[in-house]
Amino acid sequence: LTIVIVDIIQNFETKPQVILVLDDQSDTQYTYAFPYMNARGLPGSIAFASKFGGQANCLTDSMVNEMLAAGWSIHNHSDQHPVLSSGVTADFAYADTMVCRNYLAARGWDRNNIYVAPGAATSDVAWQGVQSAGYTYNVVGDALSGYGDLNSTYHGLAQQSNHIYR
């Protein structure tokens, strides 16, 4: 389990809040992070790509259900886990996002309007497709540790319309 902590912004007007997003549903999120965080009263958030659903070494439905019952959240992270940067059409982004949305909905997990961008990047064109699938917030960032290793935190300050920067 790799955790990279990126920008943390202080807000003196409210209680500090950090959302820990665990990426790509490795089963170690359940076996290591979940008990560790729960023992400290810290809920987490799962960035779920439906192509990993049911695969070996990934979270099972029962694991996810237990995590959600404990106050964790789950977010659409696409189906095929493409980096939605230049060259990706809005139609492709919409279709890929909807496959995951339907997967989550079939299990009762489609609970919010936050999309976690694979590779922490989304072009404006691809974002139009994601928005068409019903998402109004997009978690993006600078992919500090490189593509595929984004087990990281992001702060929940919308610094640009509809984007949450890690």
Side-chain angles (χ1 to χ4, degrees), residues 1-11 14-53 55 57-61 63-85 93 96-97 100-101 103-105 107 109-122 126-127 130-131 133-160 162-166:
L1 177 66
T2 302
I3 298 176
V4 178
I5 298 178
V6 296
D7 301 327
I8 296 176
I9 294 179
Q10 245 178 333
N11 181 343
T14 62
K15 182 179 177 181
Q17 297 179 5
V18 174
I19 301 169
L20 182 64
V21 179
L22 302 173
D23 195 43
D24 301 340
Q25 70 259 25
S26 164
D27 61 1
T28 60
Q29 295 171 12
Y30 179 82
T31 57
Y32 295 110
F34 180 58
Y36 180 87
M37 292 171 64
N38 272 0
R40 288 153 182 83
L42 301 170
S45 186
I46 305 163
F48 195 96
S50 51
K51 83 171 192 172
F52 299 125
Q55 289 190 12
N57 303 314
C58 290
L59 294 174
T60 65
D61 286 5
M63 290 173 178
V64 172
N65 286 330
E66 185 178 345
M67 294 166 89
L68 295 175
W72 284 50
S73 61
I74 190 167
H75 307 287
N76 188 322
H77 192 46
S78 80
D79 175 49
Q80 292 300 309
H81 204 264
V83 175
L84 299 176
S85 54
D96 188 70
T97 302
C100 187
R101 175 159 235 167
Y103 185 98
L104 296 172
R107 289 156 178 78
W109 302 343
D110 188 23
R111 301 176 176 190
N112 60 62
N113 61 350
I114 299 172
Y115 181 82
V116 179
T122 309
W127 175 236
V130 173
Q131 284 182 305
Y135 292 91
T136 54
Y137 293 97
N138 184 18
V139 178
V140 296
D142 53 12
L144 287 178
S145 58
Y147 177 74
D149 185 20
L150 299 173
N151 294 334
S152 59
T153 62
Y154 70 89
H155 60 82
L157 298 175
Q159 297 180 4
Q160 181 177 329
N162 296 334
H163 293 281
I164 299 169
Y165 284 84
R166 299 186 313 99

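Nearest heavy atoms, A126 versus A93: O-CB, 3.3 Å. The minimum heavy-atom distance between M67 and Q29, with the atom names listed, is CE-O, 3.9 Å. In terms of heavy-atom proximity, D61 sits nearest to Y103 at OD1-OH, 4.1 Å. Shown here for W127 and T122, the closest heavy-atom pair between the two residues is N-CG2, 3.5 Å.
Here the side chains of H77 and P118 are in contact, with some heavy-atom distance below 4.5 Å. Counting heavy atoms from C-beta outward, L104 and C100 have side chains that approach closer than 4.5 Å. Put simply, the side chain of V130 does not reach to within 4.5 Å of the side chain of N138, judged on heavy atoms. You'll find the side chain of L22 stays beyond 4.5 Å of the side chain of I46, heavy atoms only.
For the atom pair CD1 (I74) and CD (Q25), the distance works out to 7.0 Å, reported to the nearest 0.5 Å. Between atom OH of residue Y115 and atom OG1 of residue T97 there is a gap of 4.0 Å, rounded to the nearest 0.5 Å.
Scanning for side-chain hydrogen bond (donor to acceptor under 3.5 Å, both in side chains) contacts around Q55 gives an empty result, with sequence neighbours left out. The ring-ring contact (aromatic ring centres under 6.0 Å, His included) search around F34 returns Y30, W72, not counting sequence neighbours. Among residues two or more places apart in sequence or in another chain, the side-chain hydrogen bond (donor to acceptor under 3.5 Å, both in side chains) test is passed with D27 by none. S73 is linked by a side-chain hydrogen bond (donor to acceptor under 3.5 Å, both in side chains) to S45, H75, counting only residues two or more places apart in sequence or in another chain.
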Exercise. Is there a side chain to side chain contact (heavy atoms under 4.5 Å, CB included) between F52 and D24 once you walk through the steps?
Worked result: CA-CA 7 Å; F52 299 125; D24 301 340; 3.9 Å; yes
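Not a single donor-acceptor pair under 3.5 Å links the side chain of N113 to the backbone N or O of Y137. With hydrogens and angles disregarded, a donor-acceptor distance shorter than 3.5 Å links the side chain of D96 to the backbone of Q80.
Ring geometry for W109 against F48 counts as perpendicular: the plane angle is over 60°, on a 0 to 90° scale with 30° as the lower cut.
Contacts classified as salt bridge (charged side-chain N to carboxylate O under 4.0 Å, His left out) and involving residues 110-121 (residues at least two apart or in different chains) are given here: R101-D110.
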